Amino acid sequence: MTESLTIRRPDDWHVHLRDDEMMRGVVPYTARQFARAIVMPNLSPPVTTTEAARVYRERIRAAVPAGVAFEPLMTAYLTDATDGADLARGKAEGVLTAAKLYPANATTNSAHGVTDIDKLSGVFAAMENSGLVLCVHGEVTASDVDVFDREAVFIDRHLTRIVQEFPGLKVVLEHITTSEGVAFVEGAGRNVAGTITPQHLHINRNAMFAGGMRPHAYCLPVAKREQHRLALRKAATSGSGRFFLGTDSAPHAKEAKESACGCAGIFNAPFALESYVQAFEEEGALGSFEQFASLAGPAFYGLPVNEDTVTLERVSVDVSETLDIGGTSVVPFHAGEKLSWRLSA
Ligand code: DOR
Ligand code: ZN
């Protein structure tokens with residue numbers, strides 16, 4: 001039995017670090033595991049310009065514990081009013097790594113998102129020319145589309161066309177949750193990739209209804225049927241360079257999730273690598289973990305791989321029921337469970 005696993009230090013290609021006290025509370029968890037992270041811009045108000053991203057980056061850097069090397073990679077939130085020239089400037093100045101497409105009202109703080117994707121052609125062209133990556137929350141929001149079908153319908157209605165019209169645009173279909181998402185990424189060219197979260201490797205939609213309503217298993221896109229979870233496990237462990245790690249760690253106060261209208265989001269940053277590696281071990285695929293966690297993402301983004309390494313050891317760890325994050329009680333993913341791996345200090 002493998003007792004320890006050493007790999008190049010991973011990056012997190014999708015994380016919510018929030019702002020203020022919550023940000024100062026969660027940044028150390030991400031910085032402890034990852035060298036870099038693609039930081040989501042869905043603050044309130046959202047980070048929509050290069051200048052706002054530059055200032056937010058400084059706030060994040062100030063929250064990184066002394067002696068820890070962690071680089072936030074910034075994204076701009078696309079709106080109906082986005083200026084493609086500003087994005088191109090942000091990329092050229094080394095401020096922006098990607099821009100994020102949230103269809104309006106798809107998820108937390110997305111009310112300012114894009115209402116008509118067809119009108120973004122000029123912005124996509126500017127991104128294609130400047131090499132700025134497009135990160136996509138791939139769900140339609142039309143109320144006549146079943147919530148479990150929203151990813152597949154988004155691919156059919158929008159993503160297929162975006163990828164055809166802008167073949168040089170690098171596109172990440174984020175937090176894929178369906179076999180349709182996997183098939184889309186596999187069938188697209190090398191400018192298209194997908195990220196996969198730990199929760200979508202571990203839970204299917206039954207987890208939200210196990211003996212009652214389980215708000216801590218609710219995130220968006222919502223977990224789907226078991227057949228989809230199995231397709232995601234196959235993709236993540238396949239060794240393909242087109243699927244890589246993106247936690248979508250999304251902290252919310254315990255009370256905001258345990259409410260009549262609970263927030264979407266799972267806070268997995270405290271044990272993200274441990275959670276992923278457990279899924280890889282269950283698939284007999286520890287040998288492809290480094291590709292997924294540390295190699296495929298940098299290759300897609302055109303960035304160097306990290307020089308240092310991390311070691312995971314086979315040690316049982318107890319995940320707390322709640323964590324105090326800057327004075328707010330937050331329930332982590334795997335709360336109250338035991339995980340069988342631990343990241344060495
Ligand atoms: O579950 C989610 N939570 N999905 C998202 O897309 C946003 C995130 C959040 O910001 O809480
Ligand atoms: Zn997210």
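For clarity, every value in this text was computed on a predicted model and none was experimentally measured. Counting starts at 1 for both ligands and their atoms, in listed order. Count residues from 1 along the sequence.
Using a cut-off of 2.8 Å, one finds that H175 contributes no N/O/S atom close to the Zn ion (ligand 2). Metal site remark for the Zn ion (ligand 2): E174 contributes no N, O or S atom at a distance under 2.8 Å.
Remark: ligand 1 atoms within the under-4.0 Å shell around heavy atoms of A250 are 3 (N), 8 (C), 9 (C), 11 (O). The ligand atoms of ligand 1 that sit less than 4.0 angstrom from a heavy atom of H137 are 6 (O).
When heavy-atom distances to ligand 1 are checked against a 4.0 Å cut-off, H252 comes that close only through its side chain, counted from C-beta outward. The proximity of R18 to ligand 1, defined as any non-hydrogen pair under 4.0 Å, is limited to the side chain. Residue contacts with ligand 1, taken as heavy atom pairs separated by less than 4.0 Å, involve N42 solely via side-chain atoms from C-beta onward.
Residues K338 and Q278 come closest through the heavy atom pair O-NE2, 4.5 Å. Here the closest heavy-atom approach between residue K257 and residue C263 is recorded as NZ-O, 2.9 Å.
On a distance-only criterion, C219 and ligand 1 share no N/O pair closer than 3.5 Å. The shortest N or O to N or O distance between A264 and ligand 1 is below 3.5 Å. Polar contact check, G265 against ligand 1: a nitrogen or oxygen pair lies under 3.5 Å apart.
For the pair K170 and Y301, the cation does not sit on the ring face, since its NZ or CZ is not both under 6.0 Å from the ring centre and inside 45° of the axis.
The CG atom of L273 sits 10.0 Å away from atom CG of N268, with the distance rounded to the nearest 0.5 Å. Within the model, atoms CD1 of I196 and CZ of F292 stand 5.0 Å from one another, a figure rounded to the nearest 0.5 Å. With values rounded to the nearest 0.5 angstrom, F166 atom CZ is found 10.0 Å from L134 atom CG.
Rounding to 10 degrees gives 90° for the angle at the Zn ion (ligand 2) between OD1 of D248 and NE2 of H16.
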